[in-house]
2 protein chains.
Amino acid sequence: MGGSQIRRNMPLFSIGIVMQLTDLTARQIRYYEEHGLISPARTEGNKRLFSLNDIDKLLEVKDLIDQGVNLAGIKQIFNVKQQQDDVPTDEENKEAEKVRKDLSDAELRKLLRKELLRAGRFNRGQGHPPRLQ
Amino acid sequence: MGGSQIRRNMPLFSIGIVMQLTDLTARQIRYYEEHGLISPARTEGNKRLFSLNDIDKLLEVKDLIDQGVNLAGIKQIFNVKQQQDDVPTDEENKEAEKVRKDLSDAELRKLLRKELLRAGRFNRGQGHPPRLQ
DNA sequence: AAACCATGTTAGATTATATAACATACCGTT
DNA sequence: AACGGTATGTTATATAATCTAACATGGTTT
């Protein structure tokens, strides 16, 4: 099990697609960004580009809002999770860490392709939240 | 659960992203479409939207072109593969095959339930082309 | 009531993409 | 050598998608 994080963090989706995938309005998505719940990448021309992780988070935001949590609360929840995720579980990081550092765009793309090629039809392990894949 | 599974033929990616992912120019991608090698979906406003399958195919096109095959040849190759995929490989019951090729959500769920009832595991034979997912 | 929160709506600007036409380098034939 | 086809580059023009910013609004809190 390798760097699925490359895949999940790669900025791929326009806001239009994310709207469809999440059933959120553009206004909502931008508002959530404005309040630090997500930080989508940008194109050179300043268009937002969302990753799978961004979409996951948006779905989580939506869930929590449906359950009556306000944005401040959601922000806290995300912070907690963030801390938990930062605890490195034994050695699962070494390539992942390396990857995160110094890689040209071209290299990254190549890696992504490799990942995608073998990612096949395996569904994600049991993660925390329900996840896109 | 919550909802979105990303299907291989779900239209998700703008041409800009596909350019990055494949290292093809917009001109090339449109030209390949013009010649029937791919058929990306369109938005209401006529913008192309590519699926993972489309990207697969484009990468394959690129590979074959690098190997000196011309578009006519690639088209033939795709036709052959298409036919092969349509042949149920004996053990592979056509329902699993259908799942792999993907259709509506409702249909998929129905098939999965049936599968589970039969305690059948799916393993599609290790097959033809490496696939993105 | 006043203030705040989350979202809707509108206006105006800019980017990304579309089609279409013409240009060109590289082939293989005649 | 001239010719025609193939695959791609380039340019022009149009429009769709997205951006920011501002104002509007229905609920909640205070």
Side-chain angles (χ1 to χ4, degrees), chain A residues 10-52 54-55 57-79 105-106 109, chain B residues 10-55 57-79:
Chain A
M10 187 155 210
L12 292 174
F13 306 99
S14 69
I15 198 172
I17 290 295
V18 176
M19 290 171 63
Q20 292 182 196
L21 255 28
T22 60
D23 271 312
L24 293 168
T25 66
R27 182 64 163 103
Q28 289 175 299
I29 296 171
R30 296 192 191 111
Y31 187 70
Y32 301 155
E33 176 187 13
E34 195 180 326
H35 289 278
L37 267 37
I38 54 171
S39 298
R42 298 286 181 131
T43 66
E44 268 190 27
N46 202 38
K47 264 66 183 161
R48 288 174 182 80
L49 278 186
F50 300 80
S51 68
L52 285 167
D54 290 328
I55 295 176
K57 278 195 170 184
L58 287 173
L59 290 174
E60 233 181 314
V61 169
K62 206 188 163 198
D63 254 36
L64 290 168
I65 282 188
D66 281 353
Q67 293 169 34
V69 184
N70 64 14
L71 287 208
I74 297 175
K75 204 184 297 188
Q76 292 305 315
I77 292 173
F78 279 7
N79 282 343
D105 277 5
R109 256 182 269 118
Chain B
M10 184 177 252
L12 292 172
F13 306 99
S14 69
I15 197 171
I17 289 296
V18 176
M19 289 170 64
Q20 292 182 196
L21 254 28
T22 60
D23 272 314
L24 294 168
T25 66
R27 181 67 162 100
Q28 290 175 299
I29 296 171
R30 296 192 192 112
Y31 188 69
Y32 301 156
E33 176 187 11
E34 193 179 328
H35 289 283
L37 268 38
I38 53 171
S39 299
R42 299 285 180 131
T43 66
E44 267 190 28
N46 201 37
K47 266 61 186 166
R48 287 173 183 81
L49 277 186
F50 300 81
S51 68
L52 286 165
N53 274 333
D54 291 327
I55 295 176
K57 279 194 168 184
L58 287 173
L59 290 173
E60 231 180 315
V61 170
K62 208 190 162 197
D63 255 35
L64 289 169
I65 281 187
D66 281 352
Q67 293 168 35
V69 183
N70 64 15
L71 288 208
I74 297 175
K75 206 182 297 188
Q76 292 306 314
I77 292 173
F78 280 6
N79 282 344

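Everything numeric here is computed off the predicted structure, so don't read it as measured data. Naming: A, B, ... by sequence-line order, numbering from 1 per chain.
The phosphate of C:dA6 (OP1 or OP2) has a side-chain N or O of A:Tyr31 nearer than 4.0 angstrom. OP1 or OP2 of D:dT8 has at least one side-chain nitrogen or oxygen of B:Tyr32 nearer than 4.0 Å.
Atom CG in A:Asn70 sits about 16 Å away from atom C1' in C:dA3, given to the nearest Å. When the C1' atom of C:dT7 is taken as reference, atom NZ of A:Lys62 falls 15 Å away, rounded to whole Å. Distance A:Phe13 CZ to C:dA16 P: 18 Å, rounded to the nearest Å. When the C1' atom of C:dT19 is taken as reference, atom CD of B:Glu34 falls 10 Å away, rounded to whole Å. Distance, A:Leu71 CG to C:dT7 P: 6 Å, rounded to whole Å. Rounded to an integer number of Å, the gap from A:Lys75 NZ to C:dA6 C1' is 14 Å.
Inter-residue side-chain proximity for B:Leu52 and B:Phe13 is flagged as met; some heavy-atom pair is nearer than 4.5 Å. No side-chain heavy atom of A:Ile38 sits less than 4.5 Å from a side-chain heavy atom of A:Val61.
Evaluation of the ring-ring contact (aromatic ring centres under 6.0 Å, His included) rule for A:Phe50 yields no partner, not counting sequence neighbours. Partners of A:Arg48 by salt bridge (charged side-chain N to carboxylate O under 4.0 Å, His left out), not counting sequence neighbours, listed by chain and number: A:Glu33.
Few gaps surround CD on B:Gln67; more than 12 heavy atoms of other groups in view lie less than 6.0 Å from it. Taking a 6.0 Å sphere around CD of A:Glu34, one finds it holds more than 12 heavy atoms contributed by other residues, nucleotides or ligands.
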(message) Return a single string for nucleotides 10-23 of chain D, one symbol per nucleotide in 5' to 3' order, where B is base contact, S is sugar-phosphate-only contact and - is none, cutoff 4.0 angstrom on heavy atoms.
(response) B----BSSBBB---

